[in-house]
Amino acid sequence: MKRRSLILPVMLFALLALVPLLATLGPRSFILAITTRIVILALAALSLDLLIGYGAMISFGHAAFLGLGAYSVAILSSHGINNAFAHIGCALAVSLVFALITGAISLRTKGVYFIMITLAFGQMLFFLGTSLAAYGGDDGLTLAQRSLVFGAPVLKNDVTLYYVCFAALLGAYLLCRAIVASRFGRVLRGIRDNPVRMQAIGFAPFRYQLTAYVLAGMIAAVAGVLLANQAEFVSPAYATWQRSGELIFVVVLGGLGSLHGAIIGAAAFSLLAELLSHYTEHWAMIFGPILILVVLFVRGGLTGLLGGGR
Amino acid sequence: MIPLRIEHLCKSYGALKVTDDVSLDIAENELHAIIGPNGAGKTTLIHQLSGLAQPDSGRVVFMGEEVTHLPMDARARLGLVRSFQITSILPRFSALENVALAAQARDGSSFRFFSNASREADLNDIAMRLLTRFGLHERAQVAAGSLSHGEKRQLELAVALAAQPKLLLLDEPLAGASHEEAQRLIVTLQTLKRELPIVLIEHDMDAVFALADRVSVLVYGRIIASGLPQDVRADPQVRAAYLGEEV
């Protein structure tokens, strides 16, 4: 990576780090709530960018992992297990297994079939959520409290929760950046560009793609854990295909294959949706054409527009 | 040991026999050219040898090991490496990275997630040596997609060699090259054939007769003649198959 391409992500993270300070200038808890949601959305979108932007795996069921993370918190909490590390551990383990199984099956297919099969797995999980009567079924479940850290309600403070989300995003960003430049990432990018060429020099695409699929799923599950804590509520809606579509939307809007594009996309998506919804409840009618314009005219999404390079 | 042995290979697409009972032995230090008119099934044969297509019956034995049903990547790891008729490179990667990636495939695990691969000196050294050998050292940092056609053909050979082949399958390495580019590639292949056995598919008859130790002629999926270049050239069946073209 060139030095120039570092400017945009450094500025982004600096800005995000200052949000709690800036929030005191306005309606503080509202600003914190929306930026926390942006950071969580960015984390999920970042993991999807690893799949789409670097692996050419267009998953239409990525929200399933958000659901798995969120329900890890809700289900464990409802049984009196409030430990944040247990929640995270459970989310990681469950998403690992789910990603291994669904990935191993989905990756047998290509192109539009891969999109459809990931969609089907996502919907499967969504309907599983709606059928969990003990955990609220369709209506979802309100959490009694946020996850506890060593028994202490550390996350109860919105600023702390924000910084935990920020740290998760920064960590995931640095991790993904390292991965993309590593041997593994180079193989993944090679498979994205020309799988037959990669096979011809001795790489079996499946194992690399599956590994990336699992990694991305686990990162999204962490986002799910954070989302449950932010909202203090979980519902099957977290795992719907509309959510998955929204994630693709965010990644494309921000610019595929740049990682920080996912953060810009998440911010632009959330702020625009928030802004437009003040004027009309049919804000999606305005939103859709904006995305079309961005895709048509701005190569590399908003990141390309900002000239941050790829 | 015979590096590559092809035994009664058959493949049909519907009623069309594209490979019809092909048997061939490729000897050590031999460049074996497979020629034939368009549609004779040359590329399909290479696909079956490299693992990109499956034969209906017959066997492919590489270095004493049956590889008939192994996928292409597994064959490549054994040292059975191919090039493509239509240039197959990673256009967004630099020329150096194209070659380094092939070297990486032969150098330990690629399940390394943290250190930067493009700074691995060992891989870059191997890649740079090969690029130098193929006259591309000054183009190392150029995106492969921006190279000239002839340079891409040279790059494809460098990539194949970086994968440490024990035998090379070359599918029309001169395809689309200009006359000068072709001459360069022929010189390159002349040194290459001293290092390892090569199966060469080629349309350019000058190249075939400049390079081949043995020639097999494939017509409608069937080998109609196989032997020394001058014998094959004189074969009446071969002359008939080429319909009076200059062979």
Side-chain angles (χ1 to χ4, degrees), chain A residues 1-3 5-6 47 50 53-56 107-108 171-216 218-219 256-259 299-300 304 309-310, chain B residues 46-47 50-52 70-84 86-94 97-120 123 143-145 155-156 158-165 168-169 171:
Chain A
M1 296 258 185
K2 323 264 175 303
R3 180 154 301 166
S5 69
L6 275 175
S47 68
L50 186 66
Y54 295 93
L107 285 168
R108 306 276 167 203
Y173 174 78
L174 294 175
L175 177 73
C176 287
R177 220 176 139 123
I179 288 174
V180 162
S182 72
R183 277 187 168 214
F184 174 82
R186 185 152 81 169
V187 174
L188 192 66
R189 285 181 285 130
I191 294 166
R192 168 194 69 193
D193 289 356
N194 191 342
V196 174
R197 157 48 65 208
M198 295 300 284
Q199 279 170 282
I201 53 178
F203 292 108
F206 179 77
R207 59 184 79 156
Y208 299 96
Q209 291 179 312
L210 183 60
T211 305
Y213 187 82
V214 170
L215 273 168
M218 290 171 78
I219 294 173
L256 281 170
S258 65
L259 295 178
R299 265 199 78 183
R310 284 149 85 85
Chain B
I46 289 273
H47 283 349
S50 63
L52 199 54
L70 283 185
M72 183 157 64
D73 49 81
R75 293 186 208 203
R77 290 195 293 272
L78 289 174
L80 184 57
V81 177
R82 68 168 294 170
S83 72
F84 291 87
I86 296 161
T87 307
S88 181
I89 46 167
L90 304 168
R92 291 203 254 174
F93 286 57
S94 70
E97 270 208 296
N98 267 272
V99 187
L101 197 44
Q104 179 185 324
R106 287 298 159 281
D107 177 72
S109 173
S110 282
F111 279 92
R112 293 188 200 161
F113 297 89
F114 300 108
S115 56
N116 191 318
S118 61
R119 293 198 198 120
E120 283 194 47
L123 300 181
L155 177 63
E156 175 128 12
V159 168
L161 273 196
Q164 295 180 11
L168 266 182
L169 305 166
D171 190 358

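Not measured: the values here are computed from a predicted model.
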Salt bridge B:E156-B:R82, side-chain N to carboxylate O under 4.0 Å: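 Not counted as a salt bridge, because no side-chain N and carboxylate O are separated by less than 4.0 Å.
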salt_bridge(A:D193, A:R189) N-O dist < 4.0 Å: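 Looking at A:R189 together with A:D193, the answer is no, because their closest N to O distance does not fall below 4.0 Å.
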Full working for side-chain hydrogen bond (donor to acceptor under 3.5 Å, both in side chains) between A:S182 and B:N116: CA-CA 5 Å; A:S182 72; B:N116 191 318; over 6 Å; no
[X] portion near chain A, given a 4.5 angstrom heavy-atom threshold:
X      : result
B:A100 : both
B:L123 : side chain
B:E120 : side chain
B:L52  : side chain

Residue pair B:R77 / A:A204: nearest heavy atoms and the distance that separates them: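 What the structure gives for the nearest pair is NH1-N, 4.1 Å.
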I'd like to verify something: which residue of [options] has the highest number of heavy-atom pairs under 4.5 Å with chain A?
options                       : answer
B:V81, B:V159, B:L101, B:L90  : B:L101
B:R106, B:Q104, B:M72, B:R75  : B:Q104
B:A160, B:A105, B:A163        : B:A105
B:S110, B:S118, B:P165, B:P91 : B:S110

A:G190 backbone acceptor or donor facing A:N194 side chain under 3.5 Å: no
Option in A:L175, A:V187, A:I201 with maximal non-hydrogen atom pairs under 4.5 Å from chain B: A:I201
Segment of A:R207 engaging chain B (4.5 angstrom heavy-atom cut-off):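 Interface part for A:R207: both.
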A:V214 vs A:M218 side-chain heavy atoms within contact, under 4.5 Å: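 Touching, per the 4.5 Å side-chain cut-off.
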B:F113 and A:F184 aromatic ring geometry - parallel, tilted or perpendicular at 30°/60° bounds: tilted
